[in-house]
Amino acid sequence: MNPQLKGIETLAGTHVFDLAASAKALRLNRFLHGLTVPEQRALFKGDPEAAFERARLTAEESRMVRELDWAALIAYGASFFCLEKLGRVKGVSNPEMVAGFRGESLEAFLKTRNVPGAR
């Protein structure tokens, strides 16, 4: 283990994106990044199950994407930058996504921010 990560497991909600997480989630992250390609994005929007099958996602990976289970996706090893692609396709903002990482509603999450007038 990287000595800089010593004690990281004591920080609730913290998920390390290291080589192991990257390798585990490579197929999923490639699928998510592929949403930048118009043809792949159109397939996902029109027939998500066919898109999952084409990408050879596992049943669990497909479920996480289908249900927009942000907390499970980030814990699994999905790259935040790839998750942003999914968010844009599904019309989910970054604050909504981060609230999902934390298991909160958008309204509850925004109350923790110091942003006057935030929605």
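Keep in mind the model is a prediction, meaning the values are calculated, not measured. Reckoned from all heavy atoms, side chains included, excluding hydrogens, waters and symmetry mates.
- We find the NZ-CG distance between K24 and L26 to be 13.0 Å, quoted to the nearest 0.5 Å.
- Residues L28 and L57 come closest through the heavy atom pair CA-CD2, 4.0 Å.
- One hydrophobic cluster, built from ILVMFWY side chains closer than 4.5 Å, holds both V98 and F81.
- For the pair P48 and K45, the tightest heavy-atom approach, listed with the atom from each and the gap, is CD-O, 4.5 Å.
- L43 contributes atom CG, which lies 10.5 Å from atom CD of E49 (distance to the nearest 0.5 angstrom).
- For the atom pair T112 OG1 and R102 CZ, the distance stands at 4.0 Å (nearest 0.5 Å).
- Taking all atoms of both residues into account, the shortest heavy-atom contact from R56 to E61 is O-OE1, 4.5 Å.
- Taking both residues in full, the closest heavy atoms of A78 and A25 are given as N-CB, 4.1 Å, listed atom of the first, atom of the second, then distance.
- Around atom CD of E53, no more than 12 heavy atoms belonging to other residues, nucleotides or ligands sit under 6.0 Å away.
- One distance of note links CD of E60 with CG of L73; it measures 9.0 Å at 0.5 Å rounding.
- In this structure a side-chain-to-backbone donor-acceptor pair under 3.5 Å is missing from R41 to V89.
- With sequence neighbours left out, R88 forms a salt bridge (charged side-chain N to carboxylate O under 4.0 Å, His left out) with no residue at all.
- Here D69 pairs with R63 under the side chain to side chain donor-acceptor pair (under 3.5 Å) rule; sequence neighbours left out.
- Scanning all heavy atoms of the two residues, the minimum distance from W70 to F101 falls at O-CD2, 3.5 Å.
- A heavy-atom distance below 4.5 Å is found between the side chains of T58 and R27.
- Rounding to the nearest 0.5 Å gives a distance of 8.0 Å between CZ of F31 and CD of Q40.
- N29 contributes a side-chain N or O that, together with a main-chain N or O of G77, makes up a donor-acceptor pair within less than 3.5 Å.
- One distance of note links CZ of F109 with CD of E96; it measures 11.0 Å at 0.5 Å rounding.
- F80 and V65 fall within the same hydrophobic cluster, defined by Ile, Leu, Val, Met, Phe, Trp and Tyr side-chain heavy atoms under 4.5 Å apart, directly or through other members.
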Evaluate the criterion side chain to side chain contact (heavy atoms under 4.5 Å, CB included) for residue pair R54 and F44; output intermediate values, then yes/no. CA-CA 10 Å; R54 178 184 283 175; F44 174 64; over 6 Å; no

